[in-house]
Amino acid sequence: MKIGFIGLGNMGNPMAANLAKAGHDVVGFDMADVSVPGVTMASSGAEAATGADIVVTMLPNGQILRAVAGEIIPTMSAGSTWIDCSTVDVDSARAVADQAKDAGVLAVDAPVSGGIGGAAAGTLTFMAGGSDAAFEKAAPLFEIMGQKAVHCGEAGAGQAAKICNNMILGVTMITTCEAFALADKLGLDRQKMFDVVSTSSGYSWTMNAYCPAPGVGPASPADNDYQPGFAAELMLKDLRLSQQAAESSDADTPMGQVATELYEQFVESENGLGKDFSAMLPRFEKRGRS
Ligand code: NAD
């Protein structure tokens, strides 16, 4: 298949490389001067999309996605498919899907979970929104780039699933960290805390698989001086998207709101920028109630 791939950053680069390695003819474009093994570079997004059976985009935000959509949709032929893997706001995802539909292009919003490691290993999870026909066209590419793809519903449903999942993740990480900090103050050993919680009703992915306490539980960024992993500023981005979606759909999300405020404070005024999102634990460790 001829594939256009636009946005070859930390995630897009290895994803495009995996498509080329699987034998597809991949033409890529990025604003930055990058190269990807097995991928031919084009001089614009429109050039990468022209004549492609499938176009994949992996971009930073909704504003850039809307700009790229305006550039590529007019060059794409009717019946071709566009998979957008960026994490963006639901409104932008729906707006560009409408534009694609008007041009006869099958569109899927398919944000991912699994991070840079999952992108390199081809083990991402895709959360997809779009018609059955669009999902079917995209499925063989999901198989190459990932290990699981869930068809969540119509346009925007993939983004909705992603931000709801990550709102849970942000809130759960915060409470896992504050519980460790409380346990410290109560004189409870961290390993004992892990042994109990990881097998009791407080268990969670953040405790069991990504424990924020160094030396406790399976290896995680906490054991590597909180080098990301999943950076606090990316968590903040997703939490902000959750609050934007909550505003526009009139949903009451008090915990998501507090989590957004805490990550904002952490990233913008407490040196959290560039640290893993689990570095909330050393933040809480240093604090008292006031
Ligand atoms: P990144 O900043 O490394 O890559 C984005 C790329 O898009 C950059 O190389 C940039 O030059 C390029 N770009 C920007 N504007 C462009 C344009 N108009 N035309 C062509 N290229 C353009 O970001 P990333 O970490 O690869 O993340 C990409 C998306 O995936 C984001 O939406 C992010 O939220 C999401 N995501 C990231 C992770 C992660 O762990 N990094 C995990 C899950 C989801």
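Each ligand, and each atom within it, is numbered from 1 in the order the structure gives. Both backbone and side-chain heavy atoms feed into the values below; hydrogens, waters and symmetry mates do not.
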Structural part of [X] in contact with ligand 1, heavy atom criterion under 4.0 angstrom:
X      : result
Val68  : side chain
Leu234 : side chain
Ile64  : side chain

From the options [options], select the one whose nearest heavy atom is closest to [atom].
atom                    : options                      : result
atom 13 (N) of ligand 1 : Gln63, Met58, Met31          : Met31
atom 4 (O) of ligand 1  : Pro111, Gly9, Ala231, Gly117 : Gly9
atom 5 (C) of ligand 1  : Gly7, Pro60, Gly28           : Pro60

Under a 4.0 angstrom heavy-atom cut-off, which atoms of ligand 1 come close to [X]?
X      : result
Lys237 : 31 (C), 32 (O), 33 (C), 34 (O)
Ile6   : 20 (C)
Phe29  : 19 (N), 20 (C)

Look at [atom] and say which protein heavy atom is nearest, naming residue and atom and giving the distance to 0.1 Å.
atom                    : value
atom 40 (O) of ligand 1 : Gly115 CA, 3.6 Å
atom 44 (C) of ligand 1 : Thr87 OG1, 3.7 Å
atom 29 (C) of ligand 1 : Leu59 O, 3.5 Å
atom 27 (O) of ligand 1 : Met11 CG, 3.8 Å

I'd like to know if Glu270 and Arg287 make a salt bridge, using a cut-off of under 4.0 Å between side-chain N and carboxylate O.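 Arg287 and Glu270: salt-bridged.
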Test: Glu268 and Arg240 ion pair at under 4.0 Å: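 Salt bridge present between Glu268 and Arg240.
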Could you tell me if Ser198 and Asn208 have a donor-acceptor pair between their side chains, going purely by distance under 3.5 Å? no
Quick one: does [X]'s side chain have a donor or acceptor within less than 3.5 Å of a partner on [Y]'s backbone?
X      : Y      : result
Asn18  : Met145 : no
Ser204 : Met207 : yes
Lys2   : Thr50  : yes

Gly45: heavy atom below 4.0 Å from ligand 1, yes or no?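 The answer is no: ligand 1 sits nowhere under 4.0 Å from a heavy atom of Gly45.
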Look at ligand 1 and say whether Glu71 reaches it with a heavy atom at a distance under 4.0 Å.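 Glu71 does not count as a contact of ligand 1 under the 4.0 Å cut-off.
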So, applying side-chain contact (heavy atoms from CB on, under 4.5 Å) with [X], which one of [options] is it?
X     : options                    : result
Met1  : Asp25, Asp53, Leu19, Thr81 : Asp53
Val56 : Asp84, Val26, Leu141       : Leu141
Arg66 : Asn61, Val88, Asp91        : Asp91

For Gln63, is the CD atom crowded, meaning more than 12 foreign heavy atoms sit under 6.0 Å from it?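 At most 12 heavy atoms, drawn from other residues, nucleotides or ligands, come within 6.0 Å of this atom.
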Any non-hydrogen protein atom below 4.0 Å of atom 2 (O) of ligand 1?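 Looking at atom 2 (O) of ligand 1, one finds that no protein heavy atom lies closer than 4.0 Å.
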Can you find a protein heavy atom under 4.0 Å from atom 32 (O) of ligand 1?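 Under the 4.0 Å cut-off, atom 32 (O) of ligand 1 does have protein heavy-atom neighbours.
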Check whether any N or O atom of Asp30, backbone or side chain, sits under 3.5 Å from an N or O atom of ligand 1, and answer yes or no.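 Looking only at distances, the answer is yes, because the N/O contact criterion of under 3.5 Å is met.
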For ligand 1, find out whether one of its N or O atoms is nearer than 3.5 Å to an N or O atom of Asn10. yes
side-chain hydrogen bond (donor to acceptor under 3.5 Å, both in side chains) partners for Thr175, two or more places apart: Glu178
With Tyr210, which of Phe277, Tyr226, Phe230 fulfils ring pair (Phe, Tyr, Trp, His ring centres under 6.0 Å)? Phe277
